[in-house]
Amino acid sequence: MTTVFGVPVQALLGQLLVGLINGSFYAMLSLGLAIIFGLLNVVNFAHGAFYTLGAFTAWFLLQFAGVNYWGALVLAPLAVGLAGALVERTLIKRLNSLDPIYGLLLTFGLALFIQGLLQNKYGSSGQPYEMPESLTGGYALGFMFLPRYRAWVVVFSLLVCGATWFVTERTRLGSYLRAATENPALVQAFGVNVPRLVTATYGLGVGLAALAGVLAAPVYRVSPQMGSDLIIVVFAVVVIGGMGSIMGSIVTGFALGIIEGLTKVFYPEASNTVIFVVMAIVLLIKPSGLFGRTA
Amino acid sequence: MAQETPTPRALAPRAAQHPRWIPIAVMVGLLVLAPFSGIYPVFLMKALCFALFACAFNLLLGYVGLLSFGHALFFGSAGYATAHAAKVWGWPPEVAILFGTAVAAVYGLVVGALAIRRQGIYFAMVTLALAQMAYFFYLQTPFTGGEDGIQAVPRGHLLGVLDLDAMLSLYFFVLAIFLGGFLLIHRMVHSPFGQVLKAVRENEPRAVSLGYKPDHYKLIAFVLSAALAGAAGGTKALVFQLASLTDVHWHTSGAVILMILLGGLGTILGPVVGAFIVVALENYLAQLGSWVMVVEGAIFVICVLTFRRGVIGELSRLLKRPL
């Protein structure tokens, strides 16, 4: 029992773990996109840039303020989330009455702007970010070696996804949110400050992206392009899942990470494209996406 | 999108007084004289290729209301096909470009058939994702030369006679292709076919109730747009004697959207003006590295917030006539 279909079990499990980690990022990013889309009706193209900003903020905090990983895990999402809320207040809000395409174009421009600035200052090669000492090393499980940090990423992001799901589906605040996506005018009439809710939601979604960025910093190099490559894959994930449900984003995100990991084992050439192939197949069979509510 | 573009109906009475061909004639005159003005001819040809690309894109966004975020796929794929046909198979330039155009049309059929199953921003995401898939394919497959691209593509002799290595012949060859594509699009937009496209854009359920099949029309427009984008990409590969990953990258898809937004969405001259502005910007800012991205990003934000009609749209409003 050391090989499965001619592939060593250790390689298989190793790639499965990498897939789970990528899936964690897909899930957290598509979750934020879904929340923002639900209330603002904006496809936040800048989501990848905010993810990059999260990673860079963690790096800045360590470099210039001596704030360690744990501090960054709290501070970076807060700071980037606030910046996001400011962006919503000053820019995105003005597009309320227009075709959603303008929101997409505005956030696309924002993404170029942020990525360009970072690239000017830090080049394309990226900066390393040391993982915290308490999460180095790993566990020897007998059949494989499990690096502690990777286990942490998967468990932590599952917790974050679960918490977000709980807040939106099971709390009073979540019910306001969902009601406001259905009928903002009515919710406003009941005395809920919808514009503030919208700003907070954008901040929350962006904060989630930044949190994913901090988590990613020790795994990948902190580079200006890290978000722009990821965001397109996340868009494919969103199309596959159908942006209808929070749960859909989480399940689809993790599932596609795993599918990508498995492809890397059995047919590495296709690992970059497998998610897009899955997207094409899903579009043929069920255009509204796996969890989509309406066509 | 519809409420932002000057609707043909509102401008129609003035349009009857002012013939449509005057601005176009001015443009053609300027383009014929341009190579004698001392402007670097390769820059002009690059701008013309992107202008055709932008016009093809505008056919889709401006007249059907479909935002494709993956049009670099057709532009770049045709570049590879043309370069390969000219260099490896030794085909003459006009056949090589036609081949590139045909390849882009086939891709357009496949991508279009998949993408029109979703609408609005989902459509944008699907086209972007499919284009990115093609990008990875070209990165890995051997015939494209990976990061190096297909280099030293021969320009050859047009119809076996005219040597395209002479700058002026090449310029007028490129201009002819651009004008061919431009006039074709102009003709289409003002034909009954174009009217149906606009009807679908304005009110799809109503178009259905009138007996039209919107998906059918959308797909035809998509394939035409992809093919013309391909003609532009193939021509660019011959001009630069290079087909590379840059042309398939999503940044190119973004640049073409910027051209239209800046020039004026849904106007016939807007994409041309936008293309010249953006190509000039990229040329003159090239030595500043990533500042190009920052500037483009800023223009995007400014255009979307305050300048949605674009240069031609604003001009046309000032002159109270369509351009």
Side-chain angles (χ1 to χ4, degrees), chain A residues 37 41-43 45 49 91 94-95 97-121 123-124 224 228-229 231-240 242-243 269-277 279-280 283-284 286-289 292 295, chain B residues 1-4 61 65-67 69-70 110-111 113-137 139-141 250-251 253-255 257-258 260-261 265 288-306 308:
Chain A
F37 179 74
N41 207 13
V42 163
V43 171
F45 211 113
L91 306 176
R94 296 157 180 246
L95 303 176
S97 56
L98 299 174
D99 192 295
I101 283 173
Y102 283 111
L104 179 70
L105 294 179
L106 177 85
T107 48
F108 175 74
L110 213 57
L112 280 185
F113 188 80
I114 296 171
Q115 193 189 333
L117 279 184
L118 288 173
Q119 215 155 303
N120 272 323
K121 192 92 175 85
S124 304
S228 68
D229 297 335
I231 188 72
I232 298 168
V233 178
V234 172
F235 278 176
V237 170
V238 162
V239 171
I240 295 167
M243 224 160 358
E269 290 83 357
S271 62
N272 277 332
T273 50
V274 66
I275 289 188
F276 304 117
V277 175
M279 184 191 75
L283 279 170
L284 281 174
K286 196 166 182 292
S288 57
Chain B
M1 191 121 296
Q3 68 270 41
E4 285 309 315
L61 179 60
L66 289 174
L67 175 66
F69 230 115
V110 176
V111 173
L114 273 172
I116 54 171
R117 292 166 157 260
R118 299 305 308 265
Q119 290 180 336
I121 36 194
Y122 278 100
F123 179 87
M125 289 197 269
V126 171
T127 45
L128 178 62
L130 289 173
Q132 192 64 3
M133 174 173 156
Y135 177 83
F136 281 122
F137 174 74
L139 184 65
Q140 287 170 333
T141 189
W250 61 262
H251 186 253
S253 300
I257 299 175
L258 182 61
I260 294 186
L261 202 59
L265 210 142
L288 294 175
S290 322
W291 283 111
V292 180
M293 262 175 120
V294 179
V295 172
E296 284 183 354
I299 298 177
F300 248 109
V301 172
I302 293 167
C303 276
V304 170
L305 285 178
T306 61
R308 277 185 290 274

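Numbered from 1 within each chain, the chains take letters A, B, ... in sequence-line order. Computed from heavy atoms alone, side chains included, the values below leave out hydrogens, waters and symmetry copies.
- The distance from the CD1 atom of A:Ile101 to the CG atom of B:Leu265 is 9.0 Å, given to the nearest 0.5 Å.
- Counting heavy-atom pairs under 4.5 Å between each of A:Leu118, A:Leu117, A:Ile114, A:Val277 and chain B puts A:Leu117 at the top.
- Atoms CE and CG, on B:Met293 and A:Asn120 in that order, are 9.5 Å from each other to the nearest 0.5 Å.
- When A:Ile275, A:Leu106, A:Val238, A:Asp229 are compared by the number of non-hydrogen pairs under 4.5 Å with chain B, A:Leu106 comes out ahead.
- The shortest distance between side-chain heavy atoms of A:Arg94 and B:Val304 does not fall below 4.5 Å.
- Neither the backbone nor the side chain of A:Val233 comes within contact range of chain B, judged by heavy atoms closer than 4.5 Å.
- Neither the backbone nor the side chain of A:Thr107 has a heavy atom closer than 4.5 Å to any heavy atom of chain B.
- Between the CG atom in A:Leu283 and the CG atom in B:Leu130 there is a gap of 7.5 Å [rounded to 0.5 Å].
- The nearest pair of heavy atoms linking B:Arg117 to A:Pro287 is NH1-CG, 3.5 Å.
- In this structure, the portions of A:Leu91 lying under 4.5 Å from any heavy atom of chain B include both its backbone and its side chain.
- Interface remark: B:Ala124 contributes side-chain atoms only to the contact with chain A (heavy atom separation under 4.5 Å).
- If you look at B:Phe69 and A:Phe108, their ring centroids are closer than 6.0 Å.
- Using a 4.5 Å cut-off on side-chain heavy atoms (C-beta onward), B:Trp250 and A:Ser228 make contact.
- Taking the six-membered ring where the residue is Trp, A:Phe276 and B:Phe136 present parallel rings, their angle staying beneath 30° rather than reaching 60°.
- Here the CG-CG distance, from A:Leu95 to B:Leu305, works out to 5.5 Å after rounding to the nearest 0.5 Å.
- Residues A:Gly109 and B:Val301 come closest through the heavy atom pair C-CG2, 4.0 Å.
- Within the 4.5 angstrom heavy-atom criterion, only side-chain atoms of B:Leu261, from C-beta onward, approach chain A.
- Ring pair A:Phe45/B:Phe300: centre-to-centre distance not below 6.0 Å.
- For A:Val274, the side chain to side chain contact (heavy atoms under 4.5 Å, CB included) test picks out A:Ile259, A:Glu260, A:Thr263, A:Val278, with sequence neighbours left out.
- For B:Gln140, the side chain to side chain contact (heavy atoms under 4.5 Å, CB included) partners at least two apart in sequence or on another chain are A:Asn272.
- To the nearest 0.5 Å, the span separating CD1 on A:Ile232 from CD on B:Gln132 amounts to 4.0 Å.
- Most heavy-atom pairs under 4.5 Å with chain B: of the set A:Thr273, A:Leu284, A:Leu110, this distinction falls to A:Leu284.
- Of the atoms belonging to B:Ile257, it is side-chain heavy atoms, and not backbone ones, that fall under 4.5 Å from chain A.
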